[in-house]
Protein chains: 2
Amino acid sequence: MSVSNHPPLPETRERLLQVAVTAFGQRDYDGVSTREIVEAAEANISAISYHFGGKRGLYLATVEYLAEQFHKQMAPRLEEIRQALEASDAQACADLLCEFLGGFVELLLAGEHGESAPGIIFREQHRPTDAYDILYRKLLQPMHETLTALVACYRGESRESHSAMLMAHALLGQGVIFRIGRTTLLKRLGKTAYTRADIKQLKRHLSGYCRWLLDAPHLAEDVIP
Amino acid sequence: MSVSNHPPLPETRERLLQVAVTAFGQRDYDGVSTREIVEAAEANISAISYHFGGKRGLYLATVEYLAEQFHKQMAPRLEEIRQALEASDAQACADLLCEFLGGFVELLLAGEHGESAPGIIFREQHRPTDAYDILYRKLLQPMHETLTALVACYRGESRESHSAMLMAHALLGQGVIFRIGRTTLLKRLGKTAYTRADIKQLKRHLSGYCRWLLDAPHLAEDVIP
DNA sequence: CCAATTCAAACAAACGTTTGACTGAATCCC
DNA sequence: GGGATTCAGTCAAACGTTTGTTTGAATTGG
């Protein structure tokens, strides 16, 4: 059942959510048992049914919780961008885009939810459930739309422009892949973790890539009108 | 003598592997039940223990099977590249790199194992098990090393060059992200599947990106010697 | 005292695995 | 050459464990 969230939250409910975020971040829905969660959260087995109506309810609440937490970390920048978009200054759009991408990979590679969020997001992308709608509405769509608007503004296109969407996706993806493919890349490099210098270098790359892509023609032609 | 009324089924072991590839490709280890597999494969429940020693054994065999199948589809091109690398012609390296990336996204977006392979690979990258070693040795390492060699050759660097590895990763990743983030991108575009024109456009983008990246300085400086 | 919350215990269902009987074809030995 | 034996493979049935969920009593706090 629905519970109002902003007045003082029951302690147990919050503990369950925090534990569930890391659990579902590492393993998938079937790989996480309810008993494992309540033990880690020092709660009783029936607390899940009581607070969330069941395991599925806990999972959905967890995804929503994560999406909000993650979005909150980007909210100031997204708002700043929305206001700047009014001015419609192409050069400023490019700058904001680079800056946002830098902050984004920072979250992915060194942020608080960098270990749990990718697991859930990429699993729901691969095999969408009810939870994907939450993820899309609260996190993916706002982010994707904002970046698309920046690209479109720079290029003097509509926010519905497919080429702007493709470029926004390509840019986001270029950052994301260093989180997803982390295991293999680190193994190739002979490292066990990214250093600050690595992240800095990646940011420089993203910045350079961004400025090149915005003027590149390859993704610019919408093949289907 | 008795004539078979049905077309001859593959041996039980093979049938189990084929079913397991698609099953483990869609859901994760705990999300797939042994009974579900044997039913789809028209085999008996104890066939898994008999042929693979258990569910875990089936999973490992499935990953190996998939890695080999997928690698086989790229083998001719990889071999062609290895031979061309002897010549050490920079321009030829760039061409081969673009060509390989094009074939790679073709496999990911429209290939036979494009639906199952990514699920397994990205899951094992996120949370490596014994199966990741198989995947790395039989698929990821050969591919990554070959691309790194091409980059290194073009740039006149060593095959151990970190900057070459980073560039190879960035290039592969730029293709991969259009498979991983497919759900969200298609939703933004208002489509339900990529068209041939989309794939063609993506290939053009990858080609352009590749030629820009090879001469770009941002990933070129190895921060740590 | 009452409503909200927690608790130990039990529930049926699904899980991976094991068992022992059974098959058909190849191999053996007299 | 033919009955006995072996062996890989299949099958239905049952195993014990873990799963998510439910129950009803106990506890807590306003």
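Letters A, B, ... mirror the listed sequences (proteins, then strands); counts begin at 1. Just so we're clear, the structure is a prediction, and the values are computed from it rather than from any experiment.
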Could you tell me which residues satisfy salt bridge (charged side-chain N to carboxylate O under 4.0 Å, His left out) with [X], sequence neighbours excluded, listed by chain and number?
| X | result |
| --- | --- |
| A/R137 | none |
| A/E145 | B/R188 |
| A/E124 | none |

**Study point:** A/Y132: partners by side chain to side chain donor-acceptor pair (under 3.5 Å), with sequence neighbours left out
**Key:** B/T184
I need the [atom1]-[atom2] distance between [X] and [N], as an integer number of Å.
| X | N | atom1 | atom2 | value |
| --- | --- | --- | --- | --- |
| A/F52 | C/dT6 | CZ | P | 11 Å |
| B/H51 | D/dC7 | NE2 | P | 18 Å |
| A/L16 | C/dC7 | CG | P | 11 Å |
| A/Y50 | D/dT27 | OH | C1' | 13 Å |

Check your understanding: Within 45° of the ring axis of A/F104 and under 6.0 Å from its six-membered ring centre, is that where the NZ or CZ of A/K203 lies?
Key -> no
Check your understanding: To the nearest 10 degrees, how far apart in direction are the end axes of the helix from C/dA12-D/dT19 to C/dC30-D/dG1, each fit to five base pairs?
Key -> 10°
Just checking, is any N or O donor in the side chain of [X] or [Y] under 3.5 Å from an acceptor N or O on the other one?
| X | Y | value |
| --- | --- | --- |
| B/T129 | B/R56 | yes |
| A/H126 | B/Q26 | no |
| A/Y136 | A/Q125 | no |

Exercise for review: Could you encode protein contacts along nucleotides 16-26 of chain C as a string, one character per nucleotide from 5' to 3', using B for base contact, S for sugar-phosphate-only contact and - for no contact, with a heavy-atom cut-off of under 4.0 Å?
Suggested key: BBBB-------
